[in-house]
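Please read the structure below before turning to the comments.
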Amino acid sequence: MKKTMIVQLSIKKTKIDYFKKLSKEMTKESLQEKGCIEYKIFSNILIDGNFLIYEKYIDFNALEKHKSSKHLAEFTKAIFPYITKEPIIEMF
């Protein structure tokens, strides 16, 4: 059964370009994972610094592999200091 994860993030306005740069690499690496169907990052055109990450995987195991990947750990570590409020994470 396919699994989808949506993450809402708020990033400091002074770090938006940095976040976008890291996001491009994160998207590229995630799409190369076996089992990743879609990986997209969107920005809110009304509120600077608000982003939505949309991820779709072939099954729960593929999602779990992504969650334990080196590139996700590095991405999370790099952006964590610039997150301005608690991320909202939904899985279905």
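Contacts of S30 classified as side chain to side chain donor-acceptor pair (under 3.5 Å), with partners at least two apart in sequence or in another chain: none. Checked against salt bridge (Lys or Arg N to Asp or Glu O under 4.0 Å), K20 has no partners two or more places apart in sequence or in another chain. E64 is linked by a salt bridge (Lys or Arg N to Asp or Glu O under 4.0 Å) to K67, counting only residues two or more places apart in sequence or in another chain. Every residue two or more places apart in sequence or in another chain was checked for a ring-ring contact (aromatic ring centres under 6.0 Å, His included) with Y54, and none qualifies. For A78, the side chain to side chain contact (heavy atoms under 4.5 Å, CB included) test picks out Y18, L22, with sequence neighbours left out. The side chain to side chain donor-acceptor pair (under 3.5 Å) test applied to E38 returns K40, not counting sequence neighbours.
In this structure, I89 and M5 approach most closely via the heavy-atom pair CG2-SD, 3.9 Å. The shortest heavy-atom contact between L72 and M26 is CD1-CE, 3.4 Å. Of all non-hydrogen atoms in S10 and K85, the two that sit nearest each other are OG-CE, 3.0 Å. In plain terms, the two heavy atoms of Y39 and C36 that are nearest each other are CB-SG, 4.0 Å. Of all heavy-atom pairs spanning Y57 and E33, the tightest one is CE2-OE1, 3.9 Å. Heavy-atom minimum distance, S23 versus I41: CB-CD1, 3.4 Å.
Of the inter-residue distances, the one linking I88 atom CD1 with I6 atom CD1 reads 11.0 Å to the nearest 0.5 angstrom. For the atom pair NZ of K2 and CG of L63, the computed distance is 14.5 Å after rounding to the nearest 0.5 Å. Expressed to the nearest 0.5 Å, how far OG1 of T4 lies from CE of M91 amounts to 11.0 Å. If you take NE2 on H71 and OG1 on T76, they are separated by 10.0 Å, rounding to the nearest 0.5 Å.
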query: When you look at E55 and V7, which way does the side chain to side chain contact (heavy atoms under 4.5 Å, CB included) test go after all the steps?
result: CA-CA 9 Å; E55 309 172 42; V7 179; 4.2 Å; yes
message: I'd like to know whether L9 forms a side chain to side chain contact (heavy atoms under 4.5 Å, CB included) with I83, so could you lay out the CA-CA distance, the side-chain angles of the two residues, the decisive distance to 0.1 Å, and finally the verdict.
response: CA-CA 7 Å; L9 291 174; I83 295 174; 4.0 Å; yes
message: Please determine whether ring pair (Phe, Tyr, Trp, His ring centres under 6.0 Å) holds for the pair F19 and F51, giving the CA-CA distance in whole Å, both sets of side-chain angles, and the decisive distance to 0.1 Å.
response: CA-CA 10 Å; F19 175 81; F51 295 90; 4.5 Å; yes
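The 12-atom threshold is not exceeded at CZ of F80, counting heavy atoms of other residues, nucleotides or ligands nearer than 6.0 Å.
L52 and I37 end up in different hydrophobic clusters when Ile, Leu, Val, Met, Phe, Trp and Tyr side chains are linked at under 4.5 Å. Under a hydrophobic clustering in which Ile, Leu, Val, Met, Phe, Trp and Tyr are joined whenever their side-chain heavy atoms come within less than 4.5 Å, directly or via other members, F42 and I16 fall into different clusters. Cluster annotation: I58 and I53 are assigned to distinct hydrophobic clusters (Ile/Leu/Val/Met/Phe/Trp/Tyr, side-chain heavy-atom contacts under 4.5 Å, transitive).
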